[in-house]
Amino acid sequence: MNTIDNYNFSGKRALIRVDFNVPLDAEFNITDDSRITAALPTIHKIIKDGGSVILMSHLGRPKEGPTDKYSLKHIVSHLSKLLGINVKFANDCAGADAIEYSKNLKSGEVLLLENLRFYKEEEKGNEEFAEKLSKLGDFYVNDAFGTAHRAHASTAIIAKFFPAAKCFGYVMAKEVANAEKVMHNPQRPFTAIVGGAKVSDKILIIENLLNIADNIIIGGGMSYTFIKAQGGQIGKSLFEEERVELTKEILTRAEAKGVKIYLPVDSIIADNFSNDANTENKQSNEIPDSWMGLDIGKEATETYKKVITESKTILWNGPMGVFEMDAFANGTKQVALSLADATSNGAFSLIGGGDSAAAIHKFHLEDKVSYVSTGGGALLEYFEGKELPGIAAINNLELGVRN
Ligand code: AMP
């Protein structure tokens, strides 16, 4: 893989696309700095080589150009503290001081650019804007897996201005290596767990997983469209009428390919969508009219646990129920614990997608699974079989002179 380890950055200004899209509270304190700490090894390696670093990122979704709330100036002091360096800040990522600062950057120094999304050209993938940014560095490093599925100026388009001087940072390299391992070289049995609210959001990943997985476990709100398509009574559970035919097709295709699909035979049902609703454990195809399925039931949980602990590779995207409410968190928790069990028995487990990552953190299991991906949408698109622009832009290179 083409990573920063293949290069020596002595005397070079490395322009690094990082993902510093961190949550801030009302006083602009960073409430979770894991995206910043994840990028530190990449920055340290370049500085250790004798290079200098220019960091560029987005923060939030500014609509109207420069907005104080979304300024990256709020993270300068924390980043300086983490690095033990006084980080410089250019308050316009494509302005005169960005050019001036970057020109005069000395070895060991770090410059942070203001939010890229203050320019609408960033998300449009504007080539002139990408070229302007490219002038700030001698070498382009992409370390932002979370935006790898976007063809934005700083994540993909910019790479063409560094035909022989671009590579992945450590975060990106690890993400890509782990995703590739599951996609191309899974130890079998390979079980994919797909949950979440809607069939429509997960249909592409399920279709692609039919080509690679041995088992597909389905949970969450999306299960009920499958169950109703087979003639079940699902009450007020989530349902997507327009996906009924597709769910039938998936089951038929799975059977033809020898992929085993697991649907929850029973559910924790509730008489309203609230943590203190009345609940019962019922067969998923016998849900009374005014009730809804909000978690997988006891029998489904036992079946899923068995399949997971007997697997050698596990991919998990999406919760088994409304895990944000304690009354409906058990299915997701048991699945998470089974992943930890399987991992301690030598399986490789990859967790991705905002909500499954959130569930792993909620149950404090992040150290008990093989890898929790930082890229929700990016990982989902990777397993949908799409080529991610941020990865393609680095891989399509003619390799320059390596040391
Ligand atoms: P997704 O973003 O598609 O992975 O969906 C995650 C969301 O789906 C979470 O907020 C869950 O609360 C929600 N969810 C999971 N299962 C159900 C269900 N049975 N009914 C309603 N919402 C659900």
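Please read these numbers as outputs of a predicted model, since none were measured by experiment. First listed ligand is number 1; within each ligand, the first listed atom is number 1.
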For ligand 1, list every N/O pair with the protein closer than 3.5 Å, one pair per line with the distance.
from     : atom 1 : to   : atom 2 : distance (Å)
ligand 1 : 2 (O)  : D355 : OD2    : 3.3
ligand 1 : 3 (O)  : A197 : N      : 3.3
ligand 1 : 4 (O)  : K202 : NZ     : 3.0
ligand 1 : 5 (O)  : A197 : N      : 3.1
ligand 1 : 8 (O)  : A197 : N      : 3.3
ligand 1 : 10 (O) : E324 : OE2    : 2.5
ligand 1 : 12 (O) : E324 : OE1    : 2.6
ligand 1 : 12 (O) : E324 : OE2    : 3.3
ligand 1 : 16 (N) : G221 : N      : 3.1
ligand 1 : 19 (N) : G221 : N      : 3.3
ligand 1 : 19 (N) : G293 : O      : 2.9

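- For the side chain to side chain donor-acceptor pair (under 3.5 Å) criterion with H58, the lone passing option out of R17, R150, E123 is R17.
- A salt bridge links D326 with K362; the closest basic N to acidic carboxylate O contact falls under 4.0 Å.
- Taking the charged nitrogens against the carboxylate oxygens, K257 and E207 have no contact shorter than 4.0 Å, which rules out a salt bridge.
- Judged by the 6.0 Å and 45° rule, K73 forms no cation-pi pair with F89.
- A cation-pi arrangement is present between K181 and F348, with the terminal nitrogen or guanidinium carbon under 6.0 Å from the aromatic centre and inside a 45° cone about the axis.
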Discussion item. Between T147 and T155, does the side-chain hydrogen bond (donor to acceptor under 3.5 Å, both in side chains) criterion hold? Intermediate values first, please.
Written reply: CA-CA 7 Å; T147 48; T155 61; 5.3 Å; no
